[in-house]
Amino acid sequence: VAVIRGDRLGVYALELDAALCELTRRDPDLGQLVDWHFFCGLTFQNIAQELGCNERTVRRDWELARAYLRQAMDAELAP
């Protein structure tokens, strides 16, 4: 887990927003999952119920979304 210093926090937030926007453009369902879980605080069980799917599916999609965001952030923040 990387520690973001105060002077880099704003840059990090902007890059995260850009990565999330790109994820949502490419896969709206994954973007919505990130919004619901990260920003709205819904549990994977709540999301699965809302979507009418299995919780394992939601967890798998969450890991996919996280991997995409991590890769996008690594590419954007590389020197």
Side-chain angles (χ1 to χ4, degrees):
V1 174
V3 175
I4 307 298
R5 298 186 188 271
D7 57 333
R8 297 280 301 160
L9 189 57
V11 172
Y12 180 80
L14 291 174
E15 296 302 333
L16 177 58
D17 181 62
L20 183 54
C21 287
E22 180 62 21
L23 172 64
T24 301
R25 187 186 68 73
R26 289 174 179 251
D27 191 324
D29 293 336
L30 288 182
Q32 182 180 50
L33 171 61
V34 173
D35 284 343
W36 283 359
H37 183 64
F38 189 77
F39 295 108
C40 298
L42 295 179
T43 65
F44 295 131
Q45 183 179 14
N46 296 140
I47 296 168
Q49 287 174 343
E50 183 66 30
L51 296 175
C53 67
N54 192 296
E55 186 177 341
R56 286 185 308 237
T57 301
V58 174
R59 289 182 183 276
R60 184 196 67 225
D61 289 349
W62 173 252
E63 290 304 319
L64 182 63
R66 286 184 59 199
Y68 178 88
L69 293 172
R70 186 176 299 122
Q71 182 178 10
M73 295 293 297
D74 286 348
E76 290 295 325
L77 294 175

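Side chains included, hydrogens not; waters and symmetry mates left out as well; all remaining heavy atoms used. Counting begins at 1 with the first residue of the sequence.
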Taken in chain and number order and not counting sequence neighbours, the residues that satisfy side-chain hydrogen bond (donor to acceptor under 3.5 Å, both in side chains) with Gln49 are none
### Query
Linking I/L/V/M/F/W/Y whenever their side-chain heavy atoms sit closer than 4.5 Å, directly or via other members, would Phe38 and Leu64 fall into one cluster?
yes
Sequence neighbours excluded, the answer for ring pair (Phe, Tyr, Trp, His ring centres under 6.0 Å) partners of Trp62 is His37, Phe44
Do Val58 and Trp36 make a side-chain contact, defined as non-hydrogen atoms from C-beta onward lying under 4.5 Å apart? no
Tightest non-hydrogen contact, residues Leu51 and Gln32, listed as CD2-OE1, 4.3 Å
Hey, quick one: are Leu16 and Leu14 part of the same hydrophobic cluster, counting side-chain heavy atoms closer than 4.5 Å, chains of contacts allowed?
-> no
Residue set satisfying side-chain hydrogen bond (donor to acceptor under 3.5 Å, both in side chains) with Thr57, at least two apart, ordered chain then number -> none
CG (Leu23) and CG (Leu69) are apart, to the nearest 0.5 Å, by 5.0 Å
So the side-chain hydrogen bond (donor to acceptor under 3.5 Å, both in side chains) pairs with at least one residue in residues 39-48 (sequence neighbours excluded) are Thr43-Asn46
Residue pairs meeting salt bridge (Lys or Arg N to Asp or Glu O under 4.0 Å), one or both in residues 48-59, sequence neighbours left out, come to Glu55-Arg59
request  = Please report the C-alpha distance between Val34 and Leu30 in whole Å, then the side-chain angles of each, then the deciding distance to 0.1 Å, and finally whether the side-chain contact (heavy atoms from CB on, under 4.5 Å) criterion is met.
outcome  = CA-CA 6 Å; Val34 173; Leu30 288 182; 5.7 Å; no
Contacts of Tyr68 meeting ring pair (Phe, Tyr, Trp, His ring centres under 6.0 Å) (sequence neighbours excluded), chain-then-number -> none
Report task. Given salt bridge (Lys or Arg N to Asp or Glu O under 4.0 Å), test Arg66 with Glu63 step by step and report yes or no. Result -> CA-CA 5 Å; Arg66 286 184 59 199; Glu63 290 304 319; 3.6 Å; yes
Note to self: Do the side chains of Glu22 and Arg25 get close enough for a salt bridge, i.e. N-O under 4.0 angstrom?
What the structure shows: yes
